[in-house]
Participant: 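Quick one: this structure, given as structure tokens, is what I'll be asking you about.
Keep in mind that this is a model prediction, so the values were computed, not measured.
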There are 2 protein chains.
Amino acid sequence: MPETSTRDTILEIASRLFASNGYAAVSMRDVAARVGVTQANLYYHFKDKDHLIRDSLALIIAHKMEPMEECLKAAHSNKEKIEFFISWFVRLVFEDRVFSKMILRELLDGDEDRLQYLSMEVFKRPFALLVDVMREYTGRVDPTLSAVSVAAIILGHFQLSRILPYLPDDRADHTAPDVVARHVLAMLQGPLHDPAGSMET
Amino acid sequence: MPETSTRDTILEIASRLFASNGYAAVSMRDVAARVGVTQANLYYHFKDKDHLIRDSLALIIAHKMEPMEECLKAAHSNKEKIEFFISWFVRLVFEDRVFSKMILRELLDGDEDRLQYLSMEVFKRPFALLVDVMREYTGRVDPTLSAVSVAAIILGHFQLSRILPYLPDDRADHTAPDVVARHVLAMLQGPLHDPAGSMET
DNA sequence: GTAAGCTTAACGGTCGTTCAGTAAGAGCGC
DNA sequence: GCGCTCTTACTGAACGACCGTTAAGCTTAC
């Protein structure tokens, strides 16, 4: 009766390695060395490398998506739901870089089958919840498009945060989770456009 | 006097291969075979694989960023500058997937040196232009943060477009460039929030 | 004894890279 | 004109390193 089984240890370490370096850049030897076992041991627990990748993905995503439902349930109004969601998602993306890089890499290079599987098995429900929230929040605007926008802007901020330090006018807090969260919320709640700047209502 | 030099042919084909498959997944043998030369020939024109990657990146990015300046110059008002930029950038990202995947992959996995190089040599000026536009467009809001948001939301929409077909409530036009462009512009110009939905000003 | 959990040691293959060699042409003394 | 050298562009064949994977054997617990 193992404290934490070797299999779970492999999964945890493998998912961290895959997420931060990419699937191709991490060899079975790398994983084995990190875990402290031999390469052959990995093949005792997993059929091949692809199955190790799939199981790593499924484990980490399912685990990370759980808090979203509770997060939305805790909110009383729709306004609060949006606030809670944005705050939660920004924090998730910015603070768990392992997770967000894994997602982004999958969106970028994941083969069609794996993407379809993940969409329908893991992302479908959280996305539907977000669309529901946006449906009641936005007026005439397409709720699906709005939901995509919210996810997109947060993921995009995270990605661009890597080059922000090398661009002019950057302040350290441009990549701080709460600053980004407040900014995204402000974009949804009001126009960035300042009517005083030009001549309009 | 070559019609198109072998070196340019290599660069063009290599950048296309790297962009659509990733650096790791494309071998020098792959590039050579596609071009129709031997692997050794690649080492006549480029020091090693990393230099081939760098030159491919520099070529394609510099080329793709050129139209931005003209695009902004053509606009008369600041409002028009934003409209033109969004329209141009959305079209660039959505229609030249080779380019956008290359950028996104670099943001995700590019090593620090290459990212710093690209930021300071290629992205610095276009980003500064965008910040300037946003500075005059937004009121109290941080212009750098706003510029990042605009780029982020467009890049994010593109990335998410891969799983949108597998998610519920999807319509085909959710990934159409002009639809996305109009939606992004609408987000900047007005609140998505419909005051009639809740009780606020 | 036997099964689970793991190791040792190797396999065939692909990778980036190198190096000796070659064909084509430019420049040049004669 | 011819022969000669040197450069440019390129090829064929190989190098060692690393990859995913597997067969066979060794422990330990029941």
Participant: With sequence neighbours left out, which residue pairs that include part of residues 10-68 of chain A fulfil the ring pair (Phe, Tyr, Trp, His ring centres under 6.0 Å) condition?
Facilitator: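 Every pair satisfying ring pair (Phe, Tyr, Trp, His ring centres under 6.0 Å) with a residue in residues 10-68 of chain A: Phe18(A)-Tyr23(A).
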
Participant: Tell me the ring pair (Phe, Tyr, Trp, His ring centres under 6.0 Å) pairs involving residues 102-125 of chain A, sequence neighbours left out?
Facilitator: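 As it turns out, there is no ring pair (Phe, Tyr, Trp, His ring centres under 6.0 Å) pair with a partner in residues 102-125 of chain A once direct neighbours are skipped.
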
Participant: Who passes side chain to side chain contact (heavy atoms under 4.5 Å, CB included) against Leu129(A), sequence neighbours left out?
Facilitator: Met68(A), Glu69(A), Leu72(A)

Participant: In whole Å, what is the span from the CG atom of Leu42(B) to the P atom of dC19(C)?
Facilitator: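 Rounding to the nearest Å, CG of Leu42(B) and P of dC19(C) are 17 Å apart.
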
Participant: Which residue pairs satisfy the salt bridge (charged side-chain N to carboxylate O under 4.0 Å, His left out) criterion with at least one member in residues 34-50 of chain B, sequence neighbours excluded?
Facilitator: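 Passing the test, one end in residues 34-50 of chain B: Asp50(B)-Arg54(B), Asp50(B)-Arg114(B).
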
Participant: Could you encode protein contacts along nucleotides 20-30 of chain D as a string, one character per nucleotide from 5' to 3', using B for base contact, S for sugar-phosphate-only contact and - for no contact, with a heavy-atom cut-off of under 4.0 Å?
Facilitator: BBBB-------

Participant: Would you please test Asp142(B) and His174(A) for side chain to side chain contact (heavy atoms under 4.5 Å, CB included) and show each step?
Facilitator: CA-CA 9 Å; Asp142(B) 185 328; His174(A) 282 153; 2.6 Å; yes

Participant: State which residues pass ring-ring contact (aromatic ring centres under 6.0 Å, His included) with Phe89(B); sequence neighbours excluded, sorted by chain then number.
Facilitator: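 For Phe89(B) the ring-ring contact (aromatic ring centres under 6.0 Å, His included) partners, ignoring immediate neighbours, are Phe85(B).
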
Participant: Quick one: ring-ring contact (aromatic ring centres under 6.0 Å, His included) partners of Phe158(B), sequence neighbours excluded?
Facilitator: Phe94(B)

Participant: Using the test side chain to side chain contact (heavy atoms under 4.5 Å, CB included), find all partners of Arg135(B) that sit at least two apart in sequence or belong to another chain.
Facilitator: Asp169(A), Val131(B), Asp132(B), Pro143(B)

Participant: With Ser20(A), which residues qualify under side chain to side chain contact (heavy atoms under 4.5 Å, CB included), at least two apart?
Facilitator: none

Participant: Listed by chain and number, what are the salt bridge (charged side-chain N to carboxylate O under 4.0 Å, His left out) partners of Asp173(A), not counting sequence neighbours?
Facilitator: Arg171(A)

Participant: At what angle, to 10 degrees, do the two end axes of the helix from dG1(C)-dC30(D) to dC30(C)-dG1(D) meet, given five pairs define each axis?
Facilitator: 20°

Participant: Write down the protein N/O and nucleotide N/O pairs, taken from nucleotides 6-10 of chain D, whose separation is under 3.5 Å; answer none if there are no such pairs.
Facilitator:
unit_1	atom_1	unit_2	atom_2	d
dA9(D)	OP2	Tyr44(B)	OH	2.9
dC10(D)	OP1	Thr6(B)	OG1	2.5
dC10(D)	OP2	Thr6(B)	OG1	3.4
dC10(D)	OP2	His45(B)	NE2	2.7

